[in-house]
Amino acid sequence: MKEQTVYSGFKVERIETVQEVNGTAYLMKHEKSGARLLYIDADDTNKVFSIAFRTPPKDSTGVAHIMEHSVLCGSRKFPLKEPFVELVKGSLNTFLNAMTYPDKTMYPVASKNDKDFHNLMDVYLDAVFYPRVATDKEIVMQEGWHYELDNADDELTYKGVVYNEMKGVYSSPDSVLENHMMTELFPDTTYGVDSGGNPDNIPDLTYDAFQEFYKKYYHPSNSYIFLYGKMDIEEQLKFINDEYLQNFDAITVDSEITMQQPFAEGKVASYPYSIGSDENEAGKTMHALTYVMPEMTVADNLGFDILTHALLTSPAAPLKEMLVKAGVGSDISGYFLDSVRQPIWNISVTGSEMKEQGRLQELVETELARLVKEGIDPTLLEASLNITEFSLREADFGGRPIGLAYGIRVMDQWNYDKDPIEALRYEGALKQLREGLTNGYFEKLIDRAILKNSHKALVSIYPEKGLQEKKEAAEREKLNALKATLSKAEIDEIVAQTKALKARQAAPDTEEALATIPLLELSDLSPKVERVERIDSKLGDATLHFVPTKAKGINYTAFYFRLDCLTEEELFYANLLSEFISRVDTAKRGYDEIAKDINLNLGGFSSALSDYTKYNERDAFTPLFIVRAKALHAKLADLVRIVSELIIDSTYTNVARLTELIKETKAIWDTEAFRRGHTIVSNRVMAQVSEVGKFRDLNGLGYFEQLAELANDEAALKALPAKLAAVAAKLFRPSNVDINFVGEGQEFEVFETLLGDVLPQWTNEAVPADQLKITKQYVNEGIVTSGKVQYVAQGGNFRDHGFKPSGAMKVLETVLRYDYLWTRIRVQGGAYGAFVNFYNNGNFVLCSYRDPNLTETLKVYEELSQYLQKLAISDREMRKYIIGTMSGLDVTLTPSLRGPRAMSEYFGEATPEDAERLREQVIACKQQDLTALAEVVASVMKDSHISVMGNEQKIKKAGDIFTDVISLPQ
C-alpha cells in the first residue's frame, strides 16, 4: 500500500514503521463516511479488530453503558435476541467483549482463525451500525432498567442488567469514593458524571434520550476502527467498505471532550457511605487527594507512571512511608490515569478516620516540596524507570492478545484528536526520562503538575450505619408513591409489559434467526494441544524443571515450596510470609534498599500461596508457596542473588513494621472483600465438601478472618516474629523446593551454576512432609454486608455420588453459562451474570454475580436438573456449543505462561495426552451426553451446600437457608 492512495474508499494518509510493536502502522480515512482507521501490520496470527466511538455522556443515567449492552442484542443481518451470546457460544475467539469508558465505548474482538475473525467483525459492525435497539424499547428495558410488576397488587420495583450491575459497583466503597471525587474535580464536563450509570439516576433514562444518544454518536464519522495482525488488509478494507461504510455520508459530529477550567483553589468535601449494622465504624474512613494535570506529553505521562511507582507503590516509596508513619491511614496507594482528556494523579488512603482529612494535603505537599528541593533519590527513580521499561518491552498481557492492548492504548491519544501512532512509541520517551534522572526532570514535573497546581480536590467518605436501609426505604416509598398515582389502566399496562418482557426473554430464537450467525465446522477444531517441554533434573536436594523457550532474552523463574510440611495453623503464617517477603529487612540491609535492588535488576517479583490438584483424583492436591521472579538474562545473577537473600536472610523481628504491613493488608481486604464476593462464596461452598476447597478458603475469607483477629491482638503481634521464623525455616529448604526455569539452553546452564553456588547456604534440616491436615469445618453461611446485590453459590462434589469428570461437563458449562443461567439469572433475574464450574476432582459450583435476588436464584439452581432432562438442542446448536467450549480451552501460551503450564502438568500428574483426551470428548459430545448429566446435577443439588454474600436484609429474611449468618471481619 502507498501513501495518498485510495483502497476501497480508504485513503492512506500515513505509513510509519513502529519498532516498539514490531510492525508498520497505516493511518487511513474513509472518504465517503468519515471513518478513521488504523492498521498495524505485524507478524501475529492473533488478529484484532475494534470499532470505538467517542461517547461523552451528559448525565449519570448510564446511557453509554446501556448502549454498549443493547447494541449487541440483535441487528439487521443477525435478528437474534443476543448475537453476542451466540458468538461466545460458538466462536474460536481469543477475545470478545465491549467496554464503556468515561468518554468512549469500544467493541473489540480477536481470533487466530481467519474465517472466525471475519464472522466476528461482521457481527460487531452490523451491531453498531444497524442495531435492533434503535426501534425496540424492550431491549433497553431489559439491559437498562424497567418497572417490574408481576401482579397488580405487588410492590413496584426496578429491574435491569446494568441497573443491578451498577448497584454492585456502588456496593464497593472505593467506587463510591471515586464517583464523588470525579464529580468534585469535573463539575462542568463529562468526567463529572458516571458513564457506567449511578443506580440513583439510571431510572431517569428515557427511551427518547437513549435514541438521541445513539443517533448522535454511533455514526462512522465518529468512529475509530483498529485492525492488527497478519491479514489481507485490502480484503478487509473492501469488506468494511462494501458491507457498511459506503452506505453512510460523512457528517459533523459534535462529540468533543470539553476541558474543565482549572480551579482557583482546591476543593475539600466529605460524604457518607453505608456499612452493615454489625460493622465497626473505626478505621473505615477513606480519603482521595487528586490533582488534574496540566497539558502533558507522552513522556510526561510515562514520567508520572514512574513517579507513582517510586513514591507510592514501591516498598521503598517515601511518600507512602511518610503518610503511614504519620498515622493518616493503614494503606496508602495511588494511580496515574491518562486515558482521559485531562489526566489525573491520585493518592488514596484507607483505614483512616475523618479527623485525618485536615492534615492529609499538607503532609503530601510538604513531603513533595522536600523531595523537589532536596532531589528524589536517583536510584529509586532509576529502579522505577527500569520496572516500567521492562513491562513495555516484555509486552506480555497474560495470554490476552497483544493487539488488544495496542488498540486500547492508541485510543488514549486518538480519542482526543492526537496522533494514535505516537501512543505506541516509547523509545524516545524512555531516552528523555533516563536523561531526566540527572537533570531534575522529575522534580520539575512534580513542581509544575502538583505543587503549583490548584486544580485539585480532597474528598473523603465516612461510614454510616443504616444508610443503605434508608436509601432502600426511600426508593420503596418513591415507587409506592408513584404507584399510588397510577390509574388501574396504567398499572395493568406495567403488568402487561412485565409479562411481555418475560415472555420475550423466555422465548427461544427461531432456527432461521440462529442460522444467520456464521459458524465454523467441527473439522476446524483440533484435539491437539500446544506441547510444553519440561526437562527435570536434580541439583543437590532441589528439583529443577527446565522449560526450553525463546523469550526475547527474558528468563522466568518460579520456586515452588511445598506446604505439606506445615500444620493447618501454620498456613496462616505462610500466608503472612507471602505478604511480607521482600517488604521486610534482611540480615544484610533494609527493605527500602531491597525494593530498589528488585526494581533496578528484575522485571518483577511476587509470592503467593496456591495449589495444583491431581488430575482425575477426588481430593488430592499439592499446596504450595510460590515465589516468582523474572529478569533479562543479563541480570540473571542478580535474580538468583536477590531471591536467595530474601529466602534465607529475611528477618521478621521488627514488630512495628509487621504491624504496619498487617494493617495495610487488612485495609485492602476491607475495601475489596465485596468485589471478591463470587470467589469467596464459591470457595466457601467447596470448603464444605473438599480439602482443596478448605485450603483455598484459608487463603481467602478464612485468611481475612484470622488477619482481622491478629490486627487487634497485641500479644499475638508480639509472638509473630517467632512464628514467622519457624514457618520460614520449615518451608525454605532445598529438599522442599521445585525450581522452574523458562529460557534457552545456554541460559539454563548459567542458572544452574548460579543456583549451585547459593543452595548450599540454605537451611536444610529434615522436616516431616505429611503434617498438613485441614480440619476446619464449614456450614451454609450467609455473609451480610451493606451491599445492594448478592453473590449466590451452591454446589457439592459429584464424585461423592459415583460420577466421574468428562468432556461433556465442559460443554455443559458453556450451555449453562450462556443459555440456562444467562436467560434465567441475567436476562430474567437482572443479575450481571452467573457461571458454573465442574472440576476434575469432582467439585461442582454454581454462582451468580451482582445478583438482585437470593431465594429466586437458588430456585433456578434447583430446577437445573429438570431443564437438562428436557434439553433439546439441534445439531447446529450442539456444534456451536462445542466450538465455544474449545475456544475456552485454548490459551495462548506466552513465555510467561509456559512455566506454569509445565508445572501444572508436573504437580497435577497430568500429561498432554490427558488434555487431548478431554478435547476429543468435547468434540465428540452429543446431546444425550448432556441430558445424562441431569442425574449428576440432581444428586449434587440435594446436598444443598450454599453460601451467599450480600445485602443484610435479604440474607436475614432468608435466614432458614443458613446454618450461620456472619458479618465480614472487623
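Side chains of Pro102 and Thr190 form no contact here, defined as non-hydrogen atoms less than 4.5 Å apart. Met166 places none of its side-chain heavy atoms less than 4.5 Å from the side chain of Arg850. In this structure, His678 and Val845 have side chains that are not in contact, with every pair of non-hydrogen atoms separated by 4.5 Å or more. Residues Phe213 and Ile66 form no side-chain contact, since every pair of their non-hydrogen atoms from C-beta on lies 4.5 Å or further apart. Annotation: side chain of Tyr101 is in contact with side chain of Met106 (closest heavy-atom distance under 4.5 Å). No side-chain heavy atom of Thr94 sits less than 4.5 Å from a side-chain heavy atom of Arg400. Put simply, the side chain of Tyr224 does not reach to within 4.5 Å of the side chain of Ile51, judged on heavy atoms. Considering only heavy atoms from C-beta on, Asn415 comes within 4.5 Å of Asp103 through its side chain.
With Thr258 contributing its side chain and Thr189 its backbone, the two residues share no donor-acceptor pair below 3.5 Å. Under a 3.5 Å cut-off, the side chain of Ser848 and the backbone N or O of Asp851 do not form any donor-acceptor pair. The closest donor-acceptor contact from the side chain of Asn198 to the backbone of Ser60 lies at 3.5 Å or more, if one exists at all. Remark: side-chain polar atoms of Arg132 are paired, donor with acceptor, to backbone N or O of Pro79 under 3.5 angstrom. The closest donor-acceptor contact from the side chain of Ser91 to the backbone of Asn93 lies under 3.5 Å. A donor-acceptor contact shorter than 3.5 Å links the side chain of Asp154 to the backbone of Asn151. A side-chain donor-acceptor contact under 3.5 Å links Ser786 to the backbone of Ser274.
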Query - Verdict with supporting geometry, Tyr244 and Asp122, side chain to side chain donor-acceptor pair (under 3.5 Å) - result: CA-CA 9 Å; Tyr244 294 100; Asp122 193 13; 2.5 Å; yes
Query raised in the report: Are Phe49 and Phe226 close enough, and set up right, to give a ring-ring contact (aromatic ring centres under 6.0 Å, His included), and what steps lead you there?
Result: CA-CA 6 Å; Phe49 162 83; Phe226 177 81; 9.3 Å; no
Requested in this report: Tell me, with the steps shown, if Phe53 and Tyr217 meet ring-ring contact (aromatic ring centres under 6.0 Å, His included).
Outcome: CA-CA 7 Å; Phe53 299 89; Tyr217 294 127; 9.4 Å; no
Query raised in the report: Is there a ring-ring contact (aromatic ring centres under 6.0 Å, His included) between Trp414 and Tyr416 once you walk through the steps?
Result: CA-CA 5 Å; Trp414 213 4; Tyr416 314 116; over 10 Å; no
Report task. Take Arg504 and Asp136 through the salt bridge (Lys or Arg N to Asp or Glu O under 4.0 Å) test and state the conclusion after the steps. Result -> CA-CA 12 Å; Arg504 171 199 178 109; Asp136 190 339; 2.9 Å; yes
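In summary, the side chains of Asn346 and Thr290 do present a donor paired with an acceptor at a separation below 3.5 Å, with no hydrogens or angles considered. With no hydrogens or angles considered, no side-chain donor-acceptor pair links Thr885 and Glu813 at under 3.5 Å. A side-chain donor-acceptor contact under 3.5 Å links Asp819 and Tyr881. No side-chain donor-acceptor contact under 3.5 Å links His69 and Gln142. A donor-acceptor pair shorter than 3.5 Å cannot be found between the side chains of Arg684 and Ser947. Counting only N and O atoms by type, the side chains of Asn97 and Tyr107 include no donor and acceptor under 3.5 Å apart. Using modelled atom types, one finds a donor on one side chain and an acceptor on the other under 3.5 Å when comparing Glu148 with His146. Between the side chains of Thr61 and Asp59, at least one donor N or O sits under 3.5 Å from an acceptor N or O. If you check the side chains of Gln342 and Gln260, you find no donor sitting under 3.5 Å from an acceptor. Side chain to side chain, Thr105 and Thr100 fail the donor-acceptor criterion of an N or O pair below 3.5 Å. Using modelled atom types, one finds no donor on one side chain facing an acceptor on the other under 3.5 Å when comparing Asp150 with Thr498. Residues Asp116 and Asn119 have side chains that never bring a donor and an acceptor to within less than 3.5 angstrom of each other.
We find the CG-NZ distance between Leu87 and Lys880 to be 8.5 Å, quoted to the nearest 0.5 Å. In this structure, OG in Ser460 is found 12.5 Å from CE in Met181, a value given to the nearest 0.5 Å.
Remark: Lys137 NZ is loosely packed, at most 12 non-hydrogen atoms of other residues, nucleotides or ligands lying under 6.0 Å away. Surrounding NZ of Lys216 are more than 12 heavy atoms belonging to other residues, nucleotides or ligands, all under 6.0 Å away.
Using a 4.0 Å cut-off between charged side-chain N and carboxylate O, Lys284 and Asp670 make no salt bridge. A salt bridge is defined here as a Lys NZ or Arg NE, NH1 or NH2 lying under 4.0 Å from an Asp or Glu carboxylate O, and Glu86 with Lys89 meets this definition. In summary, Glu279 and Lys465 do not engage in a salt bridge, as defined by a charged side-chain N under 4.0 Å from a carboxylate O. Under 4.0 Å is where a charged nitrogen must lie from a carboxylate oxygen, and between Lys471 and Asp200 at least one such pair does. One finds no salt bridge joining Glu155 and Lys483 here, because no Lys/Arg side-chain nitrogen approaches an Asp/Glu carboxylate oxygen to under 4.0 Å. At a threshold of 4.0 Å, the pair Glu863-Lys859 counts as salt-bridged, since one of the basic side-chain nitrogens sits closer than that to a carboxylate oxygen. Between Arg76 and Asp126, at least one side-chain N (NZ, or NE/NH1/NH2) sits under 4.0 Å from a carboxylate O, which counts as a salt bridge. Between Lys167 and Glu472 no salt bridge is recorded (no basic side-chain N to carboxylate O distance below 4.0 Å).
Ring geometry for Tyr849 versus Tyr791: interplanar angle over 60°, hence perpendicular rather than tilted (30 to 60°). Relative ring orientation between Phe84 and Tyr124 is described as tilted, the plane-to-plane angle lying within the 30° to 60° band.
Cation-pi check for Arg676 over Trp669 is met; the charged atom lies under 6.0 angstrom from the ring centroid and within 45 degrees of its normal.
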